[in-house]
Amino acid sequence: MDKITLDRIKLLHPALREEAGKIYADICAAMPAGVVCRFTHTLRTFAEQDALYQLGRKKPGKVVTNAKGGQSFHNYGLAVDFVLLVNGSVSWAVDKNWLAVISIFESYGWESGHHWKFKDSPHVQKTFGKTTAQLLATGKQYPEL
């Protein structure tokens, strides 16, 4: 298991930490030798979200999000971005291993950005039926769900 990922799981909303640990164990068991799933982002600050939003807009780079600070489920610890490391190298190829990760998350009731119009294949989230506006209105990093 990837220590970086295990540390990032601890940043998720308390309601998701145990489940995310189980999901990660299932993912590890499903990956072939040489393939490791790493959670690249879990909880993200509003400032971090705003900086990502600026990419491809006011900063050089490709647009990677349509969400400003407070408008992302990452801001409440309810989302995970991941990547696969294949023999130690980052792979963004949406292949059978990538789809297996998505499938495992979905089996626990998570939603995948892979199916969205604005395709975000490395993103999964579990919102408990809440909107980001409802979560923002609580004023809490980890709102009650």
Practice problem: Say whether, by atom type as modelled, one donor and one acceptor occur between the side chain of Ser103 and the main chain of Ala100 under 3.5 angstrom. | Solution: no
Could you list the donor-acceptor pairs under 3.5 angstrom formed between side-chain atoms of residues 51-59 and any protein atom two or more places apart in sequence or on another chain?
from: Arg57; atom 1: NH1; to: Tyr53; atom 2: O; distance (Å): 2.7
from: Arg57; atom 1: NH1; to: Thr65; atom 2: O; distance (Å): 3.0
from: Arg57; atom 1: NH2; to: Thr65; atom 2: O; distance (Å): 3.2
from: Arg57; atom 1: NH2; to: Asn66; atom 2: OD1; distance (Å): 3.1

Self-check item: Donor-acceptor contact below 3.5 Å, side chain Asn75 vs main chain Ser72
Solution: yes
Quiz item: How would you list, by chain and number, every residue that makes a side chain to side chain contact (heavy atoms under 4.5 Å, CB included) with Thr45, sequence neighbours excluded?
Solution: Ala47, Glu48
Exercise answer: donor-acceptor pairs, residues 78-87 side-chain atoms, under 3.5 Å, sequence neighbours excluded:
from: Asp81; atom 1: OD1; to: His74; atom 2: NE2; distance (Å): 3.1
from: Asp81; atom 1: OD1; to: His123; atom 2: ND1; distance (Å): 3.1
from: Asp81; atom 1: OD2; to: Arg44; atom 2: NH2; distance (Å): 3.0
from: Asp81; atom 1: OD2; to: His74; atom 2: NE2; distance (Å): 3.3

Quiz item: Would His114 and Glu106 satisfy side chain to side chain donor-acceptor pair (under 3.5 Å), going step by step from the backbone distance to the final call?
Solution: CA-CA 11 Å; His114 180 69; Glu106 289 176 335; over 6 Å; no
Quiz item: Do Gln141 and His13 come within less than 4.5 Å of each other through their side chains, counting heavy atoms only?
Solution: no
Quiz item: Which residues satisfy the ring-ring contact (aromatic ring centres under 6.0 Å, His included) test with His41, sequence neighbours excluded?
Solution: none
May I have the list of side-chain donor-acceptor pairs in residues 22-36 shorter than 3.5 Å, sequence neighbours left out?
from: Tyr24; atom 1: OH; to: Asp2; atom 2: N; distance (Å): 3.2
from: Tyr24; atom 1: OH; to: Cys37; atom 2: O; distance (Å): 2.9
from: Asp26; atom 1: OD2; to: Tyr108; atom 2: OH; distance (Å): 2.6

Quiz item: Under a 4.5 Å cut-off applied to non-hydrogen side-chain atoms, are Leu136 and Tyr76 in contact?
Solution: yes
Quiz item: Taking the side chain as C-beta and beyond, is there a heavy-atom pair between Leu145 and Lys130 under 4.5 Å?
Solution: yes
Quiz prompt | Side-chain heavy atoms of Trp98 within contact of Val101, under 4.5 Å | solution = no
Quiz item: Out of curiosity, does Val124 fall in the hydrophobic cluster containing Leu99 (side-chain heavy atoms, cut-off under 4.5 Å, transitive links)?
Solution: yes
Exercise. Starting from the C-alpha separation in whole Å, work towards a yes-or-no answer on side chain to side chain contact (heavy atoms under 4.5 Å, CB included) for Leu16 and Trp110.
Key: CA-CA 11 Å; Leu16 289 178; Trp110 292 57; 3.9 Å; yes
Quiz prompt | For Pro60, side chain to side chain contact (heavy atoms under 4.5 Å, CB included) partners two or more places apart | solution = none
Quiz item: Is any side-chain heavy atom of Lys126 closer than 4.5 Å to a side-chain heavy atom of Phe105?
Solution: no
Practice problem: Give the cluster check for Trp92 versus Phe39: same hydrophobic cluster or not, with ILVMFWY residues linked at side-chain heavy-atom distances below 4.5 Å. | Solution: yes
Exercise. Using atom types as modelled and distance alone, determine if a side-chain donor or acceptor of Gln71 lies under 3.5 Å from a backbone N or O of Lys68.
Key: yes
Quiz prompt | pair Thr42-Ile9: side-chain heavy atoms closer than 4.5 Å | solution = no
Quiz item: CZ of Arg8 to CG of Leu12: how many Å apart, nearest 0.5 Å?
Solution: 11.5 Å
